[in-house]
Amino acid sequence: MNADPVGDAPMDEPRRPAERRSRGLILILAATAVAGAFGYLIQLLAPALLDDAESYLAFTVFWSTLYLFSAAVGGTQQEVTRATRRSDVPVHTPTLRTFTLIAAAILAVVAVIVGLALGPVAFAAAPVAMTGAFAIGLIGYLLTAVLSGVLYGLSLWRPIALVMVIDAVLRGVAVGLGLLLNAPPGLLAFLVAAPFALTFGIVWIGFRREVVGNYRLDVPAARLSVNALGTVTAAAATGIMVTGLPMLLRTLMPTFPAESLAGLVLTITLTRAPLIIPLMALQSFLIVDFRDAGKRVRPRLVKYAVLTALVTALLALAAWLWGPWLVELLSSGRYSVEPYVAAAVMVSGGLVAILCLTGPAVLSEGRHAPYIAGWVGAAVVTIAALLLPLDPMTRTIVALLAAPIVGIAIHVFGIKPGGTAADGATPPAEVGRVG
């Protein structure tokens, strides 16, 4: 994050026009497919190569914890995306750079607190090493999130796609080798976390000239921080419902037998990923898409939601028929799951996917309050359901199904009938820089 203007693109140098939205969607979807394939590969290798349920849970719980908090940090990307506009005004302010540096310092403190508080559960295999890796991962993710937000706001689809692909390839290769070589838990944690910062460095070096001085923020620094705090809160709630589930299940249901919990976690990982991962990756794209839809936000949302529901129905049937077989195959027969559980988990994935559509729709209108309320409400229902006096499997299914329904309802009521996207944004323009 260099404040020195040396290396900025000359202001008389012609700027590359933003690529067409349709081409951008193709690039993002292709990058999502590559990233998803590498992530899926890791999730398939882990239960096959880690010797027992405890080793597998140690790996997945660290992964879950890191991505839960990274999901929260990712909320900054949503607000930076919404606030970023292309501009040729040759004036620079340190708004975004200062925001990022302060956020990085806060995250370092958060990492230490989390390591002390959750270490006995989430980082028990190697508390010090895993806490260090956790801090590296959080700060690295912040850097990629802020940069990606600006890139989305400028519709620079190629570097956005590269961020996703480079991060996934680096992590896939590193963690894959770590699993094959039976690396200790602390080293595996570092291999999971380090690619975030490496990806930021690679993409920033390659595309810095296309970013610096070429954008403005539609809100001043104070408002950006307030809005980002809201989107971070909502993103944290998102993480609780998606990437944080293994950590929650392990923490809130400590008596759940390790083999049964491992089977459930593997089912959640396998069945929900095809629906949730693409839409999670497209959150910033969808914000721009809904933002540019004007008064047609609701019709566009309905079209996307209906398509998602139809795909969910087909995948739920497939999960019922082949989910248990796949879990036993991948775990070499160590873990099992009932057909109805696999189908219910898939349906819950479809509901979360629809929630990933309603969120960008309401946020594109600048309506942060219902956006936050929808995700937070869903997260609260998730935790509350996991604490119900029922058997562990039943309360897990209730949590998976009820939570996204509550969130969807809040978001839908929050969308303005016939409203104009981003009509609540404040107009002051600040030309910023991330370096």
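Of all the heavy atoms in F123 and M130, the pair that sits closest is CA-SD, 3.5 Å. For T76 against A145, the heavy-atom pair with the smallest separation is OG1-CB, 3.7 Å. Between V297 and S364 the shortest heavy-atom distance is CG2-OG, 4.4 Å. Across all their heavy atoms, Y371 and Q78 have their closest contact at OH-CG, 4.2 Å. Looking at every heavy atom in both residues, V352 comes nearest to P404 through N-CB, 3.9 Å. Smallest separation of non-hydrogen atoms from F62 and A133: CZ-CB, 4.1 Å.
Donor-acceptor pairing under 3.5 Å is recorded for the side chains of R272 and S348. Checking D289 against Y304 by side-chain atom types alone, a donor-acceptor pair falls below 3.5 Å.
For T60 (side chain) and L57 (main-chain N/O), a donor-acceptor pair under 3.5 Å exists by modelled atom type. Put simply, the side chain of R208 never gets that close to the backbone of V203: no donor and acceptor are under 3.5 Å apart. Under the 3.5 Å distance criterion, the side-chain polar atoms of R158 are left unmatched by any main-chain donor or acceptor of L27. The backbone N or O of M247 lies less than 3.5 Å from a partner atom in the side chain of S64, making a donor-acceptor pair. For Q283 (side chain) and C356 (main-chain N/O), a donor-acceptor pair under 3.5 Å exists by modelled atom type. Checking side-chain atoms of R86 against main-chain N and O of L154 turns up a donor-acceptor pair under 3.5 Å. Side-chain N or O atoms of E79 include none that pairs as donor or acceptor with a backbone N or O of G75 at under 3.5 Å. For T84 (side chain) and G153 (main-chain N/O), no donor-acceptor pair under 3.5 Å exists by modelled atom type.
Side-chain contact between R250 and L261: present, with at least one pair of heavy atoms (C-beta onward) separated by less than 4.5 Å.
Annotation: ring-ring contact (aromatic ring centres under 6.0 Å, His included) contacts of Y67 (sequence neighbours excluded): W63, F196. Applying the ring-ring contact (aromatic ring centres under 6.0 Å, His included) rule to F69 yields the partners F134; only residues at least two apart in sequence or on another chain are considered.
Applying the salt bridge (charged side-chain N to carboxylate O under 4.0 Å, His left out) test to every pair with at least one member in residues 124-137, sequence neighbours left out, gives no pairs at all.
Between atom CD1 of residue I276 and atom CG of residue L355 there is a gap of 9.5 Å, rounded to the nearest 0.5 Å. Taken from CG in L162 to CG in L156, the straight-line distance is 11.5 Å, to the nearest 0.5 Å.
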